[in-house]
Amino acid sequence: MEEFSGGETWRVFRIMSEFVEGFESLKDLGPAISIFGSARTKKDEWPYKTAMKVAEMLARRGFAVISGGGPGVMEAANRGARLGKGVSVGLNI
């Protein structure tokens, strides 16, 4: 069996600390909706336009919008939340 290096054995704790940090960052966010989708969706396509409009409407009603922070539908959600003067959070791994 291959031995772990000293730093490798502590990896699980580093990963766990990232989860804790993420939860701590989001704990005061309030009501939020997650919108995830294809990163390949173009700006002129129906899913992009729809995600943007839905996110804007949700933001105007006080919801934060959480997305994957990427392009496509996730970008549309971010843009819509900003148009609605709301909070947009992009999460990535």
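- A single hydrophobic cluster is not seen to contain both Met57 and Met52; linkage of ILVMFWY side chains at heavy-atom distances under 4.5 Å, directly or through other members, places them apart.
- Proximity of a side-chain donor or acceptor of Thr50 to a complementary backbone N or O of Pro47 within less than 3.5 Å is not detected.
- Rounding to the nearest 0.5 Å gives a distance of 12.0 Å between OG of Ser17 and CD of Glu24.
- The salt bridge (Lys or Arg N to Asp or Glu O under 4.0 Å) test applied to Glu21 returns no partner, not counting sequence neighbours.
- Lys43 has a carboxylate O that lies under 4.0 Å from a charged side-chain N of Glu75, or vice versa, which qualifies the two as a salt bridge.
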Side chain to side chain donor-acceptor pair (under 3.5 Å) assessment of Ser88 paired with Asn78: CA-CA 6 Å; Ser88 176; Asn78 178 12; 3.0 Å; yes
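- With rounding to the nearest 0.5 angstrom, the CD atom of Glu56 is 9.5 Å from the CZ atom of Arg61.
- Hydrophobic clustering (ILVMFWY, side-chain heavy atoms < 4.5 Å, transitive): Val12 and Phe19 are in distinct clusters.
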Test side-chain contact (heavy atoms from CB on, under 4.5 Å) on Ser34 and Phe36; report intermediate values, then the result. CA-CA 6 Å; Ser34 298; Phe36 290 86; 3.6 Å; yes
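- Here the straight-line distance linking atom CZ of Phe13 with atom CD of Glu18 works out to 14.0 Å at 0.5 Å rounding.
- Across all non-hydrogen atoms, the minimal contact from Ala76 to Ala51 is CB-CB, 4.0 Å.
- A 6.0 Å sphere centred on CZ of Arg40 holds no more than 12 heavy atoms belonging to other residues, nucleotides or ligands.
- Although no hydrogens or angles enter the test, the distance criterion places a donor-acceptor pair under 3.5 Å between the side chain of Arg60 and the main chain of Leu83.
- Judged as a salt bridge (Lys or Arg N to Asp or Glu O under 4.0 Å), and not counting sequence neighbours, Lys42 has no contacts.
- Phe23 and Ile15 fall within the same hydrophobic cluster, where Ile, Leu, Val, Met, Phe, Trp and Tyr residues are linked whenever their side-chain heavy atoms come under 4.5 Å apart, directly or through other members.
- Residues Ala32 and Ile66 approach most closely at CB-CD1, 3.8 Å, considering heavy atoms.
- Heavy atoms only, all atoms of each residue included: Ser67 and Met74 are closest at OG-O, 3.6 Å.
- Through chains of ILVMFWY side-chain contacts below 4.5 Å, Ile33 is grouped with Ile35, Val54, Leu58, Phe63, Val65, Val73.
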